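Everything below concerns the one structure shown next.
Below, chains carry the letters A, B, ... as their sequence lines are ordered, and counting in each starts from 1. All figures in this text were calculated on a predicted structure; none of them were measured in a lab.
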Amino acid sequence: MTFRDLVYQQTRRIPKGKVATYGQIARLAKKPKAARAVGVFMRANPFAPEVPCHRVVAADGSLNGYFGLQKLPKKKEMLLKEGVIFKGEKVDLSKSLWQETH
DNA sequence: GAGCTGACGCCTG
DNA sequence: CCAGGCGCCAGCT
């Protein structure tokens, strides 16, 4: 079991209508400081549809990377449709942040 | 094995 | 509120 697999597993657990931050995933993977590495894994994302990397956002709710491209508006709506609350161009973490239940 | 890079996060100015 | 800098970790060259 590599750190990488652990990250994908946690990401896959993000429920519909909620989002998690890179740092949160990193913490679940037992490495609170590895948020950056998490981003690298999301970029690679070998489990495309299986791992909802679009539900992973920055610590302040900003949609970086995957969303930074021309798909930004579309992805934003997709999350919005899932029930994620947006506050301007960022996710309202106070309401849509995934509540870890382990 | 060494060095560079990045879908991050937090602190300062 | 915006910009810049530093530390973190894993993957690739």
Side-chain angles (χ1 to χ4, degrees):
Chain A
M1 177 66 70
T2 63
F3 171 64
R4 197 181 128 190
D5 297 316
L6 206 50
V7 169
Y8 289 132
Q9 283 181 38
Q10 297 305 334
T11 303
R12 197 163 47 180
R13 286 176 185 163
I14 302 174
K16 175 168 166 284
K18 293 286 182 178
V19 298
T21 68
Y22 294 93
Q24 184 169 12
I25 298 299
R27 186 163 58 74
L28 290 174
K30 305 297 183 255
K31 292 188 189 303
K33 306 290 188 71
R36 205 154 194 171
V38 174
V40 176
F41 302 145
M42 292 300 105
R43 178 170 64 83
N45 191 21
F47 311 90
E50 190 177 347
V51 178
C53 52
H54 54 278
R55 291 185 189 147
V56 183
V57 302
D60 64 346
S62 300
L63 275 50
N64 298 311
Y66 184 86
F67 313 92
L69 304 175
Q70 54 188 327
K71 293 188 163 190
L72 174 56
K74 216 161 173 46
K75 291 305 163 187
K76 180 179 167 187
E77 287 230 16
M78 178 170 81
L79 289 173
L80 204 54
K81 196 171 184 179
E82 291 187 344
V84 177
I85 308 301
F86 270 78
K87 178 174 276 188
E89 298 305 305
K90 299 178 181 177
V91 175
D92 189 339
L93 297 178
S94 64
K95 293 173 184 159
S96 301
L97 181 62
W98 174 35
Q99 302 294 309
E100 308 160 43
T101 56
H102 56 274

Rounded to the nearest Å, what distance is computed from the CG atom of residue A:L6 to the P atom of nucleotide C:dA10? 12 Å
Any side-chain heavy-atom pair from A:R4 and A:P46 closer than 4.5 angstrom? yes
Gap between atoms NZ and C1', on A:K31 and C:dG7 respectively (whole Å): 16 Å
Output for pair (A:R13 CZ, A:L28 CG), nearest 0.5 Å, gives 8.5 Å
Can you tell me the distance, in whole Å, between the CZ atom of A:R36 and the C1' atom of B:dA7? 11 Å
Rounded off to whole Å, could you give me the NZ-to-P distance for the A:K90 and B:dC8 pair? 14 Å
Whole-Å distance, A:Y8 OH to C:dA10 P, equals 14 Å
Separation of A:M42 atom CE from C:dG11 atom P, in whole Å? 12 Å
Check step by step if side-chain contact (heavy atoms from CB on, under 4.5 Å) holds for A:I25 and A:I14. CA-CA 10 Å; A:I25 298 299; A:I14 302 174; 4.3 Å; yes
Any N/O donor-acceptor pair, A:R4 side-chain to C:dG11 base, under 3.5 Å: no
Trace of the side-chain contact (heavy atoms from CB on, under 4.5 Å) decision for A:M42 with A:V7: CA-CA 9 Å; A:M42 292 300 105; A:V7 169; 3.8 Å; yes
Distance check needed: C:dC9 C1' versus A:Y22 OH, whole Å only. 15 Å
Taking NZ from A:K33 and C1' from C:dC9, how many angstroms apart are they, rounded to a whole number? 11 Å
Ranking A:A34 and A:R43 by the position along DNA chain C of their nearest nucleotide, the one closer to 5' is A:A34
